[in-house]
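Notes to accompany the following structure.
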Amino acid sequence: GAVVSQHPSRVICKSGTSVKIECRSLDFQATTMFWYRQFPKQSLMLMATSNEGSKATYEQGVEKDKFLINHASLTLSTLTVTSAHPEDSSFYICSARRGAGRTTEAFFGQGTRLTVV
Amino acid sequence: GDSVTQMEGPVTLSEEAFLTINCTYTATGYPSLFWYVQYPGEGLQLLLKATKADDKGSNKGFEATYRKETTSFHLEKGSVQVSDSAVYFCALLRGIQGAQKLVFGQGTRLTINP
């Protein structure tokens with residue numbers, strides 16, 4: 001299957017600093033990428049939908065100024081957690097979509113464990 | 001709005017036991033349905049899917065049938081292995097083309113003991 005690479009897999013940062021997470025589709029072009037947050041023992045919460053060349057669409061309750069998303073090319077989207085605080089510690093997962101309609105399929109990165117200390 | 005409900009975990013079974021993880025959904029129309037698996041420390045992987053009523057998705061010995069009448073997509077496997085230990089997510093795809101999103105259930109943690 002298609003490969004989506006997410007980097008870094010783990011990051012520890014100090015409170016108040018910013019962290020950038022990259023999501024790359026390695027063998028296909030993804031016009032749409034998604035960013036999720038997963039709390040311990042809970043499901044994935046969609047944070048935003050990222051379309052190449054346009055502004056991301058954020059879900060209700062997600063601060064767009066805190067979670068900056070850039071989809072600069074058809075194979076790369078980045079999530080920057082700005083001025084991180086301990087409550088931002090979580091598992092962040094990106095997904096890239098290939099195809100459209102009922103043939104669409106989403107491929108997931110391996111996730112990034114963010115710990116803010 | 002659209003939603004997915006899974007049986008609560010954790011589920012613990014012995015190797016070679018029969019597995020069922022229940023999943024029901026609420027949606028307008030007939031969404032595509034998916035099961036994803038998340039192994040420890042990894043992202044989600046598509047396990048199987050079904051795009052229309054009565055379709056059966058299958059992979060790695062797992063099966064799930066799209067039941068429109070009961071709005072269900074239960075995951076089954078006849079004989080589980082230790083390597084099946086993971087978190088399983090049921091999901092549906094909602095929205096119109098170009099604006100489709102996956103809606104996930106809460107996940108079910110499965111542990112298989114040797």
Side-chain angles (χ1 to χ4, degrees), chain A residues 1-10 21-26 30-52 54 56-60 62 90-113, chain B residues 1-11 21 23 25 29-53 55 57 59-60 66 86-111:
Chain A
V3 177
V4 174
S5 176
Q6 194 173 334
H7 177 79
S9 58
R10 292 179 180 272
I21 303 170
E22 291 188 349
C23 179
R24 294 181 183 271
S25 57
L26 297 185
T31 53
T32 305
M33 290 185 174
F34 304 87
W35 287 95
Y36 297 84
R37 183 172 178 176
Q38 185 179 28
F39 294 97
K41 300 183 179 181
Q42 294 189 31
S43 187
L44 281 72
M45 181 191 78
L46 180 64
M47 300 174 64
T49 302
S50 166
N51 291 298
E52 186 265 339
S54 63
T57 301
Y58 289 82
E59 295 298 304
Q60 191 173 8
V62 178
S90 192
F91 195 56
Y92 294 87
I93 301 175
C94 75
S95 170
R97 186 168 67 198
R98 182 178 72 180
R102 289 195 173 273
T103 62
T104 190
E105 188 168 351
F107 298 90
F108 290 80
Q110 71 271 38
T112 297
R113 171 78 57 195
Chain B
D2 296 350
S3 66
V4 176
T5 302
Q6 288 178 237
M7 69 183 281
E8 288 195 28
V11 174
I21 301 178
C23 170
Y25 67 91
Y30 303 107
S32 295
L33 301 173
F34 305 82
W35 276 101
Y36 284 88
V37 57
Q38 184 180 31
Y39 297 104
E42 299 183 15
L44 276 70
Q45 301 174 25
L46 177 65
L47 180 59
L48 53 84
K49 67 178 181 182
T51 59
K52 61 182 187 297
D55 265 4
N59 185 27
K60 300 180 180 180
Y66 192 142
V87 181
Y88 292 80
F89 292 92
C90 185
L92 64 82
L93 186 67
R94 68 172 175 88
I96 59 174
Q97 187 168 332
Q100 292 171 311
K101 302 176 184 178
L102 283 168
V103 176
F104 288 90
Q106 69 271 37
T108 301
R109 182 174 298 276
L110 173 67
T111 301

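What you see is a predicted model, and the numbers here were worked out from it, not measured in a lab. Protein chains get the first letters and strands the later ones, always in sequence-line order, with residue 1 at the start of each.
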Could you tell me which portion of [X] (side chain, backbone, both or neither) has an atom closer than 4.5 angstrom to a non-hydrogen atom of chain A?
{"X": "B/L46", "result": "side chain"}
{"X": "B/Q38", "result": "side chain"}
{"X": "B/F89", "result": "side chain"}
{"X": "B/Y36", "result": "side chain"}

Grab the two heavy atoms, one from A/F108 and one from B/L102, that are nearest each other, plus how far apart they are.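 Smallest interatomic distance, heavy atoms only, reads CZ-CD1, 4.0 Å.
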Contacting region of A/Q6 [heavy-atom separation from chain B under 4.5 Å]: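 Nothing of A/Q6, per the 4.5 Å heavy-atom cut-off to chain B.
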Between OG1 on residue A/T49 and NZ on residue B/K101, distance to nearest 0.5 Å: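 It comes to 5.0 Å.
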B/E8, CD atom: more than 12 neighbouring heavy atoms under 6.0 Å: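 No, CD of B/E8 has 12 or fewer neighbouring heavy atoms, counting only those of other groups under 6.0 Å.
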Look only at the side chain of A/S43 and the backbone of B/G105, and say whether a donor-acceptor pair between them is shorter than 3.5 Å.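 Yes: the side chain of A/S43 pairs with the backbone of B/G105.
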